[in-house]
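All remarks here apply to the structure that follows.
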Amino acid sequence: MTGAAKRSRNGGYVFVRSEKQALGRIHIAAGPRLCLNSGQDGGWRMKQSRAAILIAGCVWVFCGAAPCLAAAPADTDAYVAHAMQTFGVPGLSLAIVQDGKIERAKGYGVRQIGTDKMVDAHTVIPIGSESKAFTSAALAILVDRKKLKWSDLVKDKLPGFEMYDPYMTAHMTVRDLLTHRSGLGLGEGDLMIFPGTNRTRADIVHALRYLKPATGFRESYAYDNILYIVAGALVEAVSGQGWEDFVTQNILKPAGMTDALTSYDASASNETALHERNSGPIQGVGPQSVLTRGEARTLAPAGGINASATDLARWMNIQLAHGKLPGGGQIFSPEQSAMMWEPVVVVPPEGPHRLAILKPDMQDYALGWYVEEYRGHKIVRHTGAVAGALASLYLIPEKNLGIAVTINSEDGMAMTSVVYHLIDAYLGIAPTDWTAVLDKTQKETIAKAEVTMKAAPGSKKAVAANGVTPSLTLSAYAGKYQDPWYGGITVSDRGQGKLWISFDRTPNMEGALEPVDGDKFRTRWTDKSIEDAYVSFAVKGGKITGATMAAISPLADFSSDYQDLHFVRGAAN
């Protein structure tokens with residue numbers, strides 16, 4: 001949804017789950033998915049040995065201080081196949097454009113494991129938090145039409161808009177919605193929409209007032225998805241059209257993106273299946289399996305679009321042409337194009353899982369885009385992640401070059417190795433065997449994570465060794481609990497020593513609660529793609545008063561923002 005790596009999430013590269021944010025997201029979308037994605041993209045920003053690669057038969061032209069390719073590397077198909085095989089990706093979609101031409105729009109592999117349905121140039125795959133650029137473009141169109149200004153106060157344009165802090169409510173502008181500097185914490189509020197929800201966008205707008213800020217307004221960068229959903233609601237309020245209709249009529253159709261969908265539709269003839277690995281000791285390992293659900297439509301402005309290689313090639317050409325259509329006319333003006341690419345907030349260096357070799361020389365966030373420098377070249381890009389799919393789109397304006405890679409699984413290292421292989425080739429940079437580098441990194445990360453998880457409190461091994469029992473009878477924990485922004489959960493005693501938890505506003509988010517220590521339990525969700533969590537009950541005077549939660553895995557995607565929940569037990573319990 002998911003995108004600085006769904007489940008896009010996506011500043012630098014970190015190991016996370018799905019945007020949604022995206023080393024790939026392990027979106028953010030739920031669990032330590034072992035894929036490369038930007039750590040604060042979302043999407044789900046879930047959630048990223050050198051060897052020479054001989055590029056034979058390539059045509060070279062002079063490009064500044066070093067030669068750059070004038071056509072796709074001759075080994076592209078072979079490299080894609082090798083990366084897919086190494087990491088086990090079922091299907092991959094690749095688009096390359098340069099100088100206004102589509103050099104490649106091609107599919108590889110299958111749309112669903114166990115079938116012979118092939119991915120082609122018109123197969124659509126979720127692009128997660130890359131959708132944020134479409135929401136930004138929708139607002140830019142409204143600015144061009146004088147319906148809106150970037151400096152307009154959101155409260156004056158969107159009925160019911162209210163932040164927790166009155167100062168934020170009074171000063172939040174349209175630009176602020178898009179720049180991840182509102183003061184909300186990383187991924188705060190994502191559990192309202194991931195892994196699914198029965199809420200509307202109006203519900204999300206209303207819940208904003210209960211999200212306590214983590215920092216001061218405009219103080220620092222922290223990737224979020226919630227405010228892009230609010231931005232989608234703003235498009236609806238100003239235009240009088242639903243976000244889906246406005247984007248379809250004003251962007252997708254004029255751009256010729258005839259394959260694209262504004263949300264996942266498993267029944268669509270050109271749609272792919274989504275795949276995940278959740279049968280191993282940690283999420284992200286084990287055999288590939290088909291995910292049986294898609295993302296909620298509510299999150300579409302933050303991470304809902306599905307697009308084909310052909311669609312993304314056209315979108316990249318429009319971006320590189322600053323809104324101009326190939327046949328004439330503009331989707332948005334050059335002035336708004338410049339505004340959307342203008343850096344607003346510095347993205348700080350990220351945490352311990354960052355892949356140092358891919359660290360950009362500098363990185364900022366603009367309006368729906370990261371702007372960074374790689375080996376002396378300006379890159380405008382975004383990644384995306386949802387449960388079961390990852391996406392990466394890179395523009396190099398000085399070369400009039402765009403590269404987009406999308407996969408129908410959460411094996412993001414394959415996606416990243418292909419992207420950087422192509423970028424290095426086009427920029428004339430000495431080749432690195434990114435597949436080998438990232439394969440080694442992934443194996444090391446898996447090994448460390450497995451050791452940590454086996455020793456974690458509440459693991460089956462630890463429980464068996466310690467003979468853990470709760471401090472109160474199970475029936476004492478049963479009841480309804482309420483968090484101001486999320487809503488309610490229900491804890492029930494099912495008898496025979498079984499305690500059960502369910503998230504009332506998230507369909508199918510339910511599972512067993514197992515004792516860990518005293519009043520601390522751990523979840524075991526029936527949906528294995530959801531990140532397990534600790535649930536700690538607060539006790540006062542021998543009675544349960546509330547509960548807090550925390551993700552168990554050290555690699556959990558930021559969209560599993562359990563730490564932001566503070567449940568109070570209902571008065572009737």
Side-chain angles (χ1 to χ4, degrees), residues 2-4 9-11 19-21 39-43 45 129 132 135-136 139-140 143 148-193 201-235 237-238 301-302 339-351 363-371 483-486 558-559 561 563-566:
T2 66
R9 10 150 0 60
N10 252 319
E19 127 239 183
K20 239 186 137 241
Q21 165 118 179
Q40 294 195 13
D41 276 9
R45 159 136 99 176
S129 286
K132 290 178 170 66
T135 295
S136 179
L139 289 169
V143 172
L148 198 65
K149 292 186 290 188
W150 295 112
S151 59
D152 281 345
L153 297 176
V154 179
K155 69 180 181 65
D156 294 339
K157 297 292 182 177
L158 180 60
F161 174 80
E162 182 182 341
M163 301 291 287
Y164 183 89
D165 185 336
Y167 182 87
M168 293 181 180
T169 303
H171 294 85
M172 181 82 69
T173 66
V174 175
R175 182 185 286 105
D176 290 322
L177 289 178
L178 308 179
T179 55
H180 306 303
R181 58 173 187 168
S182 67
L184 293 179
L186 175 62
E188 187 173 354
D190 275 359
L191 280 170
M192 281 193 283
I193 50 175
R201 283 173 205 148
D203 292 334
I204 300 298
V205 172
H206 180 79
L208 267 183
R209 66 198 64 194
Y210 303 115
L211 289 170
K212 296 182 180 180
T215 64
F217 182 47
R218 298 177 184 162
E219 181 180 304
S220 60
Y221 168 92
Y223 193 89
D224 79 78
N225 290 293
I226 295 299
L227 289 180
Y228 267 85
I229 296 176
V230 175
L234 179 63
V235 170
V238 174
M339 182 64 73
M340 287 185 283
W341 286 7
E342 180 68 27
V344 175
V345 59
V346 173
V347 178
E350 293 187 328
Q363 187 177 55
D364 300 310
Y365 201 84
L367 306 185
W369 294 96
Y370 286 93
V371 181
D483 174 82
W485 61 264
Y486 173 79
F558 63 79
S559 285
D561 66 317
Q563 72 280 353
D564 295 320
L565 294 167
H566 297 87

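- Under the side-chain contact (heavy atoms from CB on, under 4.5 Å) criterion, V143 pairs with L148, W150, Q336, sequence neighbours left out.
- Going from atom CZ of R201 over to atom CD1 of I193 covers 10.5 Å, rounded to the nearest 0.5 Å.
- Counting heavy atoms from C-beta outward, R175 and L367 have side chains that approach closer than 4.5 Å.
- Listed for the D483 side chain is a donor-acceptor partner under 3.5 Å among the backbone atoms of H566.
- With hydrogens and angles disregarded, a donor-acceptor distance shorter than 3.5 Å links the side chain of Y228 to the backbone of L178.
- Considering NZ of K149 and NZ of K157, their distance stands at 8.0 Å, rounded to 0.5 Å.
- Listed by first then second residue, pairs satisfying salt bridge (Lys or Arg N to Asp or Glu O under 4.0 Å) with a partner in residues 207-218 read E162-R209, D176-R218, not counting sequence neighbours.
- In this structure, K132 NZ and L177 CG are separated by 12.5 Å, a value rounded to the nearest 0.5 Å.
- Note that the CE atom of M192 and the CG atom of L565 stand 10.0 Å from one another [nearest 0.5 Å].
- The CG atom of N225 lies 7.5 Å from the NE2 atom of H180; values are rounded to the nearest 0.5 Å.
- Counting heavy atoms from C-beta outward, D364 and V344 have side chains that stay 4.5 Å or more apart.
- Contact annotation: the side chain of T173 never approaches that of D152 to less than 4.5 Å [non-hydrogen atoms, C-beta and beyond].
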Would T135 and I229 count as a side-chain contact (heavy atoms from CB on, under 4.5 Å) if you check the C-alpha gap in whole Å, the side-chain angles of each, and the deciding distance to 0.1 Å?
CA-CA 9 Å; T135 295; I229 296 176; over 6 Å; no

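- Ring geometry for Y221 versus Y365: interplanar angle of 30 to 60°, hence tilted.
- Between the D561 side chain and the L191 main chain, a donor and an acceptor come within less than 3.5 Å of each other.
- Using cut-offs of 30° and 60° for the angle between ring planes, the H206 and Y210 rings count as perpendicular.
- Judged by distance alone, with hydrogens and angles left aside, the side-chain atoms of W485 form a donor-acceptor pair with the main-chain N or O of D564 at under 3.5 Å.
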